[in-house]
Amino acid sequence: MESGVITRFAPSPTGYLHIGGARTALFNFLYARHTGGKFLLRIEDTDLKRSTKEAVDAILEGLEWLGLYWDEEPISQISRRQRHVALVKKLIEESKAYYCYCSPEELAEMRDLAKAEGKSKFYDGRWRDRDPANSPSGVKPVIRLKSPLDGETTVSDLIQGDVSVSNDEMDDMILFRADGSPTYMLAVVVDDHDMNISHVIRGDDHLTNTFRQLQIYKAFGWDHPTFAHMPLLHGLDGTKLSKRHGALGLAEYRKMGLLPEAMNNYLLRQAWAHGDDEIISLEQAIEWFDIKDVGRSPSNFDFSKLISLNSHYLREADDGHLVTLIKPILIENLHGKLDNRAFDRIKSGMSGLKERAKNIDELAKNAEFYACRRPITLSDKALKALDASGKSHLNNLQIELGSIENWSGLSLNDAIVKYAKKKDIKLGVIAQPLRAALTGNTVSPGIFEILAVLGKEQSLARINDVLT
RNA sequence: GACCCCUUCGUCUAGUCAGGUCUAGGACUCCAGAUUUUCAUUCUGGCAACAGGGGUUCAAAUCCCCUAGGGGUCACCA
C-alpha cells in the first residue's frame with residue numbers, strides 16, 4: 001500500500017529522549033503505519049556545541065526499545081550543509097534574502113525598544129534594502145529572510161484548525177548565522193522539503209514557528225507539508241514537563257522496570273482517545289490512530305496511571321520473556337548466592353510472581369527466594385512467624401509431606417488441608433510458618449504453588465533448615 | 001508585555017464538529033465490602049467534573065460573546 005504519507009521525527013541530540021519526544025515519535029510512527037506511509041528519522045545536529053554522539057545513541061535506543069522502527073537510514077542535518085548553503089545563496093540572488101551587518105549592541109537596543117513598546121518583533125529591517133557595499137568592515141553578516149510586510153499568514157493545522165497571524169508581527173528571521181551555519185528555521189524547511197515529508201506532526205511549541213517556516217516555503221516557491229501540532233505534555237502541577245517532575249529520559253523509565261508496551265499505551269492516551277478504550281496494543285493503535293482524534297488541550301503526567309498500565313502488561317507478558325528481563329537484575333543482586341536451578345524455578349513460578357509485581361525490579365525482588373541457594377535468609381517478620389507453635393507444626397508437616405509420592409500442587413493442597421483439619425486449626429496457622437521457611441518472608445505467591453515449584457527435596461530441605 | 005492556543009471528576013479522557021438519548025460515561029487514584037493461606041489479583045459498591053458570567057434557543061457540556069485561569073512563542077537553540 002502506497003499512500004504518499006511520509007512523517008518524520010526530528011529530535012536534536014542535545015540530551016536524552018524524554019517522554020514528550022517519545023510521544024511525538026509515537027504519533028508520527030502511528031500515522032505513517034496507519035496510512036501505509038513511511039516514518040523517517042532526522043537528527044537535527046546543527047548545534048555543534050550541544051549535540052553529542054551519546055544523545056544520538058540514546059534517542060535511537062529509546063525508539064528501538066519502544067518498537068518505533070523508522071524506515072530509512074536516519075538523516076543527519078549537519079551532513080546537508082552544502083544544500084543549505086546553495087539554497088540560501090539562491091534566495092540572496094533572487095533578493096528574497098539579504099545580508100544584515102547589525103552588531104550585538106544594535107540588536108540589544110532594538111530588543112529593548114521593542115520591549116518598551118510591548119511588541120514581540122524587534123528587528124527593524126534596517127539592512128533590508130541597504131547596499132552591502134556600505135557594510136562595516138570586519139563584521140561577518142547574517143542572512144535574513146525578506147518577510148512580507150503586510151497581509152497575514154495562516155496555518156491550516158490538522159489539530160489546531162486554521163490559525164492566522166498578522167505578518168507585521170514577524171520580523172525578518174535569520175536564515176544563516178554569521179559563522180555560516182544554517183538556523184533551525186532554514187534547515188527544517190529545506191530538509192522536510194527534500195525528504196518529501198507530507199505530514200509534520202510535532203509539539204505545539206512549534207506552532208508559532210510554523211508561520212515563519214511557511215514564509216520560507218513561499219520564498220522557495222515550494223508546496224508545504226500538512227501540519228499537525230499536538231498539545232504538550234505537562235507535569236502533574238500543570239506546568240511544562242521538566243526534570244523537576246521526575247519526568248526523566250525514557251532510559252530512566254526503562255531502568256525503573258517499566259515495559260515498553262505500558263509506555264506506548266500510556267503515551268498514546270495523552271491527548272488521543274478511541275472512545276472508552278484503555279488497553280491498546282501497538283497493533284491496535286496502528287489500526288485506530290488518526291490525527292483527527294487528537295485533542296487540543298495539554299495533559300498532565302500521571303505516574304500512577306503509567307504504573308497501573310505496567311502491572312497490566314506485566315501480567316500479560318510471556319513468562320520466558322520476563323525471565324530474561326529479570327535475569328541480569330537477579331545475577332547482580334544475588335552475586336554468588338544464585339542456585340543453579342534458579343531460572344527454571346522462576347519460569348515455572350512466574351504466573352504467581354507476575355501478578356504481584358508492578359514493575360520489573362519488583363518482579364526480580366519477589367523472585368529472589370526461588371533463585372536463592374539454601375540456606376535462605378529470613379526476614380524479621382518471617383522469624384516471628386517461626387515461633388514455637390509454628391515450628392512444631394512444621395515439624396509435623398515435614399513428616400506428612402515426606403510421605404507424599406505425587407508432589408503436585410493439588411496433592412500438597414490436599415495433604416496440608418487434611419493436616420489443618422486434623423489439628424483443628426485454620427490454614428493460615430500453618431501456611432504462614434511454612435511460607436516463612438520456604439521464602440524467608442511473610443508475603444509471597446500461593447504456598448502450594450511454591451512447594452510444587454521448589455520440588456520435594458528443596459522444600460523439605462528449606463523446612464529442615466529452619467528447624468535445626 | 002505582544003501574539004497564539006487551551007479549560008468536563010484530583011489525573012487521563014468519552015460526549016462538542018451535525019444542541020435534546022447527559023439527573024454527564026469509562027479508566028487511574030482514593031474509600032468501603034466480597035473472595036483468599038499472606039500479599040497481590042479479581043469482583044461489587046462509593047466519593048468526585050461541564051472554569052465563571054452573559055446571550056441565542058422550546059432545549060446548551062455542546063453555538064456566540066466577555067472575564068478569569070493555565071500553557072506556548074517572541075535567540076546568530078532546536
Side-chain angles (χ1 to χ4, degrees), chain A residues 10-14 44-47 49-51 77 100 102 104 107 111 114-122 140-144 155 157 159-161 163-166 169-171 173-185 187-188 203-212 229 231-232 234 236 238-240 266 269-279 292 295-309 311 315 352-358 366 381 385 413 416-417 420 426-432 434-436 439 441-448:
Chain A
S12 56
T14 53
E44 311 227 312
D45 47 8
T46 49
D47 186 345
K49 285 178 226 92
R50 298 195 300 148
S51 300
Q77 193 159 58
C100 166
C102 282
L107 289 171
R111 216 184 304 262
K115 206 173 178 184
E117 290 177 340
K119 286 180 181 168
S120 56
K121 91 179 225 184
F122 74 94
K140 287 235 163 107
V142 298
I143 298 176
R144 290 182 183 268
V155 182
D157 194 280
I159 295 169
Q160 306 290 332
V163 184
S164 304
V165 74
S166 173
E169 293 290 332
M170 288 177 279
D171 49 22
M173 82 194 91
I174 295 178
L175 264 17
F176 255 71
R177 304 187 187 96
D179 67 2
S181 64
T183 59
Y184 164 74
M185 290 293 179
V188 75
D204 71 11
D205 49 340
H206 285 288
L207 182 62
T208 51
N209 284 335
T210 309
F211 300 115
R212 295 164 172 276
H229 287 92
L232 261 21
H234 287 174
L236 209 41
T239 60
K240 198 177 182 179
Y266 179 77
R269 286 297 326 277
Q270 308 302 110
W272 180 88
H274 183 268
D276 284 336
D277 294 300
E278 299 286 347
I279 302 295
K292 72 174 168 55
R296 278 193 269 187
S297 49
S299 45
N300 297 352
F301 186 78
D302 182 14
F303 196 66
S304 62
K305 189 136 186 174
L306 213 203
I307 289 295
S308 96
L309 243 16
S311 357
R315 268 173 264 138
L353 289 171
K354 66 184 181 184
E355 70 178 20
R356 290 171 171 75
K358 301 231 176 296
N366 294 345
K381 282 184 179 168
N413 191 333
I416 293 173
V417 167
K426 281 187 164 177
L427 203 48
V429 174
I430 175 64
Q432 278 310 83
L434 191 53
R435 171 172 284 112
T439 72
N441 225 314
T442 51
V443 174
S444 80
I447 202 71
F448 308 119

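Each chain gets a letter, A, B and so on, in the order the sequences are listed, and its residues count up from 1.
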- side-chain N/O A:Arg111 vs B:rC74 OP1/OP2, d < 4.0 Å: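 It does not, given that no N or O in the side chain of A:Arg111 lies less than 4.0 Å from OP1 or OP2 of B:rC74.
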
- Message: Does a side-chain N or O of A:Arg296 approach OP1 or OP2 of B:rC6 to a distance below 4.0 Å, or not?
- Response: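 So the side chain of A:Arg296 is within the cut-off, an N or O lying under 4.0 Å from OP1 or OP2 of B:rC6.
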
- Summarise protein proximity over nucleotides 17-35 of chain B in one line of letters, 5' to 3': B for base, S for sugar-phosphate only, - for none, counting protein heavy atoms closer than 4.0 Å. --------BBBS-------

From C-beta outward on [X], which listed nucleotide comes closest to its side chain: [options]?
{"X": "A:Val443", "options": "B:rC39, B:rA40, B:rA78", "result": "B:rC39"}
{"X": "A:Arg435", "options": "B:rC4, B:rU41, B:rU38", "result": "B:rU38"}
{"X": "A:Pro298", "options": "B:rU41, B:rC74, B:rC6", "result": "B:rC6"}
{"X": "A:Ser120", "options": "B:rC39, B:rA2, B:rC5", "result": "B:rA2"}
{"X": "A:Asn300", "options": "B:rC12, B:rC39, B:rU73", "result": "B:rC12"}
{"X": "A:Glu44", "options": "B:rC76, B:rA78, B:rC12", "result": "B:rA78"}

- Would you kindly compare A:Met185 and A:Ser299 by the position of their nearest RNA chain B nucleotide and give the one closer to the 5′ end?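 Nearer the 5' end of the strand: A:Ser299.
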
- Query: Taking for each residue the nucleotide of RNA chain B bearing the nearest heavy atom, is the 5' side occupied by A:Ile174 or by A:Ser166?
  - Reply: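 So the residue in question is A:Ser166.
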
- Query: In terms of side-chain geometry, is the basic nitrogen of A:Lys305 or A:Glu278 positioned less than 4.0 Å from the acidic oxygen of its partner?
  - Reply: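 Between A:Glu278 and A:Lys305 there is a salt bridge, with a charged N closer than 4.0 Å to a carboxylate O.
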
- Determine, for A:Arg269 against A:Asp302, whether the closest basic-nitrogen to carboxylate-oxygen distance falls under 4.0 angstrom.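 Salt bridge: no.
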
- Query: Of all residues at least two apart in sequence or in a different chain, which pass the salt bridge (charged side-chain N to carboxylate O under 4.0 Å, His left out) check with A:Arg356?
  - Reply: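 Here no residue qualifies.
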
- Item | Test salt bridge (charged side-chain N to carboxylate O under 4.0 Å, His left out) applied to A:Lys121 - qualifying residues, sequence neighbours left out |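 With sequence neighbours excluded, A:Lys121 shows a salt bridge (charged side-chain N to carboxylate O under 4.0 Å, His left out) to no residue whatsoever.
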
- Item | Qualifying residues under ring pair (Phe, Tyr, Trp, His ring centres under 6.0 Å), relative to A:Tyr184, sequence neighbours excluded |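 Testing A:Tyr184 for ring pair (Phe, Tyr, Trp, His ring centres under 6.0 Å), a comparison that skips the adjacent residues, returns A:His206.
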
- Message: According to ring pair (Phe, Tyr, Trp, His ring centres under 6.0 Å), who are the partners of A:Tyr266, at least two apart in sequence or on a separate chain?
- Response: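 Counting only residues at least two positions away or on another chain, A:Tyr266 forms a ring pair (Phe, Tyr, Trp, His ring centres under 6.0 Å) with A:Phe301.
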
Scan nucleotides 42-52 of chain B against the protein and return all N/O pairs shorter than 3.5 Å with their distances rounded to 0.1 Å.
unit_1: B:rU42; atom_1: OP1; unit_2: A:Arg315; atom_2: NH1; d: 3.3

- Message: Assess, by modelled atom type and distance only, whether the side chains of A:His234 and A:Ser299 contain a donor and an acceptor separated by less than 3.5 Å.
- Response: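 No.
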
- Answer yes if the side chains of A:Thr439 and A:Asn441 hold a donor-acceptor pair under 3.5 Å, and no otherwise.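 No.
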
